[in-house]
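Read through the structure below, which is laid out as structure tokens, and then see the notes.
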Amino acid sequence: MIKIKTRDEIIKMRKAGKLAAQVLEYIEPFIKEKVTTGRLDALCHEFIVKNGAVPAPLNYHGYPRSICASVNNVVCHGIPSQSKELKNGDIVNIDITAILNGYFGDTSKTYTIGEVPEPTRLLVERTEKAMYRGIDAIKPNSYLYEVGRAIEKYVSKFGYSIVREYGGHGIGNEFHEDPHIYHFFTTLNKIRLKPGMCFTVEPMINEGGYQVITSKADGWTVTTKDNSLSAQFEHTVLVTDQGYEILTKL
Ligand code: MF3
Ligand code: CO
Ligand code: CO
């Protein structure tokens with residue numbers, strides 16, 4: 001069941017989305033060589049709480065930290081650690097979900113550390129563009145699968161692959177609501193977009209194959225099966241009468 005947000009809820013979603021975006025803005029200058037992902041987690045936690053919000057990942061199905069920090073071949077759900085230092089040439093996705101007055105804002109970006117090889121820089125840049133291509137396909141009364149179709153059309157040119165096991169999600173006063181958002185074309189997303197729907201667009205793009213593995217050690221960390229690099233960007237969006245509004249913006 002896809003919940004159409006009321007005007008009141010949309011105001012709350014805007015506030016939650018803006019705060020999530022502000023967390024990314026706040027943490028960006030700290031994302032440097034030698035910082036640990038555990039330190040980034042602690043700083044984001046403090047910022048979120050000081051702003052009267054709650055970090056949604058913490059204790060979510062037993063998740064142990066307040067953000068996800070996914071380095072290099074980690075696709076998503078990387079657990080921040082005080083022993084994981086970022087190094088020159090790394091890429092890291094920082095995924096923030098904040099709950100403000102009961103409503104969720106969910107956004108992520110992938111950052112490059114120091115000097116990264118040109119192919120790596122391109123993977124990150126094109127993953128962000130892929131997300132915006134997907135978002136730009138959002139129009140009331142068109143089908144949700146246009147989002148995945150636009151992403152797939154763009155990404156396929158580069159020989160990258162799109163992760164199939166994880167996708168975007170409806171979002172509101174719950175973290176993960178209907179519908180599931182596929183980042184590739186499928187009639188499973190033959191759903192008419194209606195004003196008032198809120199969902200995330202968050203493609204995970206691999207330099208190699210699409211297959212992923214979940215860590216048996218921690219039950220969370222998702223890596224590429226071939227250990228190739230993976231990048232991701234995420235926004236929370238609202239379907240409007242005109243098209244869409246990105247809620248996780250400053
Ligand atoms: N923020 C992630 C998403 O985009 C979900 C993280 S769930 C967690 O859906 F438990 F790993 F934090
Ligand atoms: Co999300
Ligand atoms: Co997220």
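When a ligand or atom number is given, it counts from 1 through the structure's own listing order.
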ring-ring contact (aromatic ring centres under 6.0 Å, His included) between Y132 and H235, worked out: CA-CA 9 Å; Y132 282 115; H235 271 310; 5.7 Å; yes
Sub-4.0 Å atoms of ligand 1 with respect to non-hydrogen atoms of P57: 12 (F)
Polar proximity ligand 1 side, H77 side, N/O cut 3.5 Å exclusive: no
Metal proximity, H176 vs the Co ion (ligand 2), N/O/S cut-off 2.8 Å: no
Residue-ligand contact W220/ligand 1, heavy atom below 4.0 Å: yes
Nearest candidate to atom 11 (F) of ligand 1, where distance is taken over non-hydrogen atoms, out of S66, A56, C68: C68
Under-4.0 Å heavy-atom contact with ligand 1, by part of E234 that carries it: side chain
Ligand 1 to E202 polar contact by distance, N or O atoms, under 3.5 Å: yes
Atoms in ligand 1 with a heavy atom of Y60 nearer than 4.0 Å: 7 (S), 10 (F)
Parallel, tilted or perpendicular: ring planes of H176 versus Y60, cut at 30 and 60 degrees: tilted
Beyond-backbone contact of P55 with I48, side-chain heavy atoms, under 4.5 angstrom: yes
Atom nearest to the Co ion (ligand 3) - D106, N, O or S atoms considered: OD1
Under-4.0 Å salt bridge between E234 and K109: no
Derivation and outcome, side-chain hydrogen bond (donor to acceptor under 3.5 Å, both in side chains), residues N93 and S108: CA-CA 7 Å; N93 174 276; S108 83; 3.0 Å; yes
Derivation of the side-chain hydrogen bond (donor to acceptor under 3.5 Å, both in side chains) call for T200 and E202: CA-CA 6 Å; T200 70; E202 51 177 306; 2.8 Å; yes
N or O pair under 3.5 Å between D106 and ligand 1: yes
N/O separation below 3.5 Å, H176 to ligand 1: yes
The Co ion (ligand 3) contact by E202, N, O or S atom under 2.8 Å: no
Mode of C76 contact toward ligand 1 - side chain, backbone, both, neither (heavy atoms, under 4.0 Å): neither
Atom name in E234, limited to N/O/S, at shortest distance from the Co ion (ligand 3): OE1
Atoms of ligand 1 close to T97 [distance to a heavy atom under 4.0 angstrom, numbered from 1]: 1 (N)
